[in-house]
Amino acid sequence: MEKDILEQLYRRHTKAVYLYLYSLCHDHALAEDLMQETFLRALCTLELSGTAVLPWLLMVARNLYYDIWRKEKRLSAHEAKEQGRAQCGKAVGRNGINTVNEDGEGILELLIQKERNQKLYRTIQGLKSTEKEAVILYYFAELSQEEIGKILGVSYGNIRVILYRAKKNLKRLLDGEEMLI
């Protein structure tokens, strides 16, 4: 019975956890690894009586990402001291998306929508870290502002301000203006 519940949780929340992790690391393989580790931790420690599973999973995923980020940062600093040079960042891979439907109709509309989605994604990535995470959690993972506040460790009022500023900055960036700092 518990195996079925975990399997349902995995199917229901895999996409949201993966997209959130990918938005943080920009690496498909790392995002998949972290997603698997997140669900492994859920298997080991999750209390299934609670109703707010997705926010908990996203908080675990976020903590895993930042643990790895800090570890890589320490290793890079250590290697830079030993070798006398800093390491370069990872290259971001591409994921080709098939934009042709079965009937071969609407290709232009699909291409336009794909371009809009890519522009929105690039624009969101241009936001400050906290704003980016808040936007992704609110609009894509569909979490409440209270849940986002718990994940990011800020108050409900601060989340409202962060989301307001993020929307304002997104509008400016999409209109071609510079982001407010």
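- One distance of note links CG of Asn63 with CG of Leu34; it measures 11.5 Å at 0.5 Å rounding.
- In the hydrophobic clustering of this structure, Leu40 groups with Met59; members are Ile, Leu, Val, Met, Phe, Trp, Tyr whose side-chain heavy atoms approach within less than 4.5 Å, directly or through other members.
- Not counting sequence neighbours, Glu142 has no partner by the salt bridge (charged side-chain N to carboxylate O under 4.0 Å, His left out) test.
- Placement of Tyr156 and Leu152 in two distinct hydrophobic clusters is found when ILVMFWY residues are connected by side-chain heavy-atom separations under 4.5 Å, directly or transitively.
- For the pair Val135 and Ala166, the tightest heavy-atom approach, listed with the atom from each and the gap, is CG2-CB, 3.5 Å.
- Minimum heavy-atom separation, Thr38 to Leu64: OG1-CD1, 3.4 Å.
- Here the closest heavy-atom approach between residue Ala16 and residue Leu58 is recorded as O-CD2, 4.0 Å.
- At a threshold of 4.0 Å, the pair Glu7-Arg11 counts as salt-bridged, since one of the basic side-chain nitrogens sits closer than that to a carboxylate oxygen.
- Once rounded to the nearest 0.5 Å, the distance linking CD1 of Ile136 with CD1 of Ile124 reads 6.0 Å.
- Residues satisfying the side-chain contact (heavy atoms from CB on, under 4.5 Å) test with Asn158, not counting sequence neighbours, are Val154, Ser155.
- Clustering ILVMFWY residues whenever any of their side-chain heavy atoms sit less than 4.5 angstrom apart, transitively, puts Leu127 in a cluster other than the one holding Tyr164.
- When all heavy atoms of Ala31 and Leu21 are compared, the pair lying nearest together is O-CD1, 3.7 Å.
- Interatomic distance, Tyr20 OH to Cys25 SG, rounded to the nearest 0.5 Å: 11.0 Å.
- A salt bridge links Arg41 to Glu37: one of the charged nitrogens lies within less than 4.0 Å of a carboxylate oxygen.
- In this structure the side chain of Tyr139 reaches within 4.5 angstrom of the side chain of Lys167, judged on heavy atoms.
- Residues Leu120 and Leu163 share a hydrophobic cluster, clusters being chains of Ile/Leu/Val/Met/Phe/Trp/Tyr side chains in contact below 4.5 Å.
- In this view, Arg165 satisfies the salt bridge (charged side-chain N to carboxylate O under 4.0 Å, His left out) rule with no residue, not counting sequence neighbours.
- Summarising the geometry of Ile162 relative to Ala134, their closest heavy-atom pair is CG2-CB, 3.7 Å, with the distance given to 0.1 Å.
- Arg122 meets the side-chain hydrogen bond (donor to acceptor under 3.5 Å, both in side chains) test with no other residue; sequence neighbours excluded.
- With sequence neighbours left out, the side-chain hydrogen bond (donor to acceptor under 3.5 Å, both in side chains) criterion links Tyr121 to His26.
- In this structure, the side-chain contact (heavy atoms from CB on, under 4.5 Å) partners of Tyr10, at least two apart in sequence or on a different chain, are Thr14, Met35, Gln36, Phe39.
- For Tyr66, the side-chain contact (heavy atoms from CB on, under 4.5 Å) partners are Leu24, Arg62, Trp69, Arg70, Ser129, Glu133, not counting sequence neighbours.
- With sequence neighbours left out, the side-chain hydrogen bond (donor to acceptor under 3.5 Å, both in side chains) criterion links Asp33 to no other residue.
- Between Tyr22 and Glu32 the shortest side-chain heavy-atom distance does not fall below 4.5 Å.
- A chain of hydrophobic side-chain contacts below 4.5 Å, direct or via other Ile, Leu, Val, Met, Phe, Trp or Tyr residues, connects Phe140 to Leu137.
- With sequence neighbours excluded, the residues forming a side-chain hydrogen bond (donor to acceptor under 3.5 Å, both in side chains) with Lys132 are Gln125, listed by chain and number.
- Partners of Leu19 under the side-chain contact (heavy atoms from CB on, under 4.5 Å) rule, at least two apart in sequence or in another chain, are Lys15.
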